[in-house]
Amino acid sequence: MILSAYRFADGVEVATEAIAHCAETIRAGGLVGLPTETVYGLGADADNEAAVAQIFTAKGRPADHPLIVHVASLDGGMGGVAHYAERVPAFASQLMAAFWPGPLTLVLPRKSGVGSAAAGGQKSIGLRCPSHPAAQNLLSMLRKPEAGAKQVWGVAAPSANKFGRVSPTTAEHVLAEFGDEMPILDGGACEIGIESTIVDCTRGTPVLLRPGFISRKQIEEACGRKLLTNEEFLEQAPKASGTLESHYAPRAKVRLMSAKQLQEALGLFESSLPKSTPPDQKPQIALYARSPFKTSSIQMVQRAMPRDAAMAAHELFAVLREFDDAGVALIWVETPPKTVEWEGVLDRLQRASA
Ligand code: TXA
Ligand code: MG
């Protein structure tokens, strides 16, 4: 069931009863769909093994793929960090100070005996302090409960989608993935739209495990250290679902092409069509591009890719779902610019097309 996180449509006042209901569900060991500024998460008490097991089952995710644990920002996130992390390298503290609450996940050495199921058995744990007000309200309520209620230190929450599929950026997407069984807190369309940047802080030097909205340059500036790229580190990196080749995959086949390749491909497709197409024929191609294209006879679903990388990230997963819902067989995407701002979007598109 979808519960609005806000009392008013303009989103200013948080609906305490809806948040309290979700907090209660999590305390009781249940699952909740929750909004964050990046994507919606499928959340459960990170210290409750049975609840965490339910996340893996619901997602169809292998149990050795670690989940991100979300902590309240009450004390700069440090309470949650102290509960789960064995130690915090200085550069990681600098990153927390610079970007928390916000779309940055830090992988830290894990305290033994804590959060082991959520960590997928890894000796480390991924921690994130999200900035979405509804998520923060929920996390704070769990951390500082009313007298007598159980304290919950962190919420394990992977993206609320079936394993390998497109991440959800609205409450309706979550409903479409998991149905009406659990409460889904509706905090509106996610502002950022792609998952958090993940930095591994367990190897003495920061390593980028997943690019996102917070760029490499911003991270290097905030901690004064060189950030190794995923490629540089891939051979030693822990097995992570976010680094699997094919991920974020729509049902339709996704292809990334330059503007020139796209124009040629459209030309070829057009010339392969029978002379008279029946009028009720459904479009087979969805096109997501910045450049305009000349196509006279192809029926397509078309969306213009925003010129701004942040705007493109914000809408990307919703657009891919929209294309799937239109029933197309092919999604043709113009390759975004190879600049640092576009790194997160390019990464997700490459995975979707792998
Ligand atoms: O933006 C986000 O991070 C979203 C929202 C809901 O917060 N969450 C998310 O979670 O993307 P998920 O489970 O889909 O991504 C988890 C990824 C893993 O695939 C892995 O790459 C990394 O986080 N990760 C988590 N814990 C880790 C650990 N201990 N060691 C290495 N990688 C870890
Ligand atoms: Mg995911």
Side-chain angles (χ1 to χ4, degrees), residues 39 159 161-170 172-173 176-177 189-190 192-195 210-213 230 242-354:
V39 301
S159 50
N161 53 279
K162 295 276 164 63
F163 185 61
R165 310 247 325 124
V166 176
S167 300
T169 55
T170 66
E172 288 74 23
H173 292 165
E177 291 281 329
C190 301
I192 290 174
I194 59 172
E195 300 83 349
R210 180 172 74 185
F213 179 76
N230 195 30
T243 60
L244 284 183
E245 276 276 278
S246 177
H247 212 63
Y248 309 98
R251 274 176 273 274
K253 176 106 195 70
V254 180
R255 245 179 96 189
L256 267 173
M257 288 178 271
S258 69
K260 185 159 164 280
Q261 289 170 324
L262 250 176
Q263 187 65 68
E264 281 166 15
L266 287 168
L268 273 174
F269 186 87
E270 197 162 17
S271 62
S272 76
L273 288 176
K275 282 272 157 351
S276 58
T277 328
D280 60 346
Q281 176 120 39
K282 280 215 322 212
Q284 292 182 56
I285 300 181
L287 188 64
Y288 190 46
R290 276 159 296 122
S291 313
F293 290 98
K294 292 191 294 287
T295 52
S296 46
S297 58
I298 310 178
Q299 281 198 51
M300 287 191 296
V301 183
Q302 273 202 57
R303 285 285 299 259
M305 186 188 289
R307 305 242 140 228
D308 177 62
M311 279 173 67
H314 170 74
E315 70 172 36
L316 179 66
F317 291 149
V319 167
L320 292 179
R321 276 174 190 269
E322 213 178 284
F323 289 162
D324 259 350
D325 292 345
V328 298
L330 303 166
I331 298 175
W332 286 357
V333 182
E334 183 181 352
T335 311
K338 298 238 159 57
T339 57
V340 56
E341 303 83 65
W342 284 88
E343 207 170 45
V345 171
L346 180 61
D347 171 80
R348 300 312 186 277
L349 283 169
Q350 281 167 338
R351 292 169 199 262
S353 66

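Residue numbers run from 1 in the order of the sequence given. Given the structure is predicted, the values throughout are model-derived calculations rather than measurements.
- E343 meets the salt bridge (Lys or Arg N to Asp or Glu O under 4.0 Å) test with R216; sequence neighbours excluded.
- Here the CE atom belonging to M257 is positioned 8.0 Å from the CG atom belonging to L287, to the nearest 0.5 angstrom.
- Between P336 and V345, the shortest heavy-atom contact is CG-CG1, 4.5 Å.
- Side-chain contact between M300 and F293: absent, with no pair of heavy atoms (C-beta onward) separated by less than 4.5 Å.
- Separation of atoms CG (L349) and CH2 (W342) is listed at 9.0 Å; rounding is to 0.5 Å.
- Using a 4.5 Å heavy-atom threshold, the side chains of V328 and I285 count as separate.
- Contact annotation: the side chain of Y288 approaches that of L316 to within less than 4.5 Å [non-hydrogen atoms, C-beta and beyond].
- Here the straight-line distance linking atom CD of E177 with atom CZ of R321 works out to 4.5 Å at 0.5 Å rounding.
- In terms of heavy-atom proximity, A252 sits nearest to D324 at N-OD1, 3.0 Å.
- Two residues are said to be in side-chain contact when any heavy atoms from C-beta on lie closer than 4.5 Å; K338 and L346 meet this criterion.
- At a threshold of 4.5 Å between non-hydrogen side-chain atoms, the residues S291 and L262 do not count as touching.
- R348 is listed as a side-chain neighbour of R210, based on a closest heavy-atom distance under 4.5 Å.
- Looking only at side-chain heavy atoms (C-beta outward), L266 and I298 come within less than 4.5 Å of each other.
- To the nearest 0.5 angstrom, E315 atom CD is 9.5 Å from L320 atom CG.
- No donor-acceptor pair closer than 3.5 Å links the side chain of H173 to the backbone N or O of S167.
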Chi angles and distances behind the side-chain contact (heavy atoms from CB on, under 4.5 Å) call for V333, M305: CA-CA 9 Å; V333 182; M305 186 188 289; 3.7 Å; yes
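- E334 places a side-chain N or O within donor-acceptor distance of the main-chain N or O of R290, the cut-off being under 3.5 Å.
- The structure places CZ of R165 at 4.0 Å from CZ of R251, a figure rounded to the nearest 0.5 Å.
- Using a 4.5 Å heavy-atom threshold, the side chains of L256 and Q350 count as touching.
- Scanning for side-chain hydrogen bond (donor to acceptor under 3.5 Å, both in side chains) contacts around Q261 gives S258, with sequence neighbours left out.
- The closest donor-acceptor contact from the side chain of T169 to the backbone of A189 lies at 3.5 Å or more, if one exists at all.
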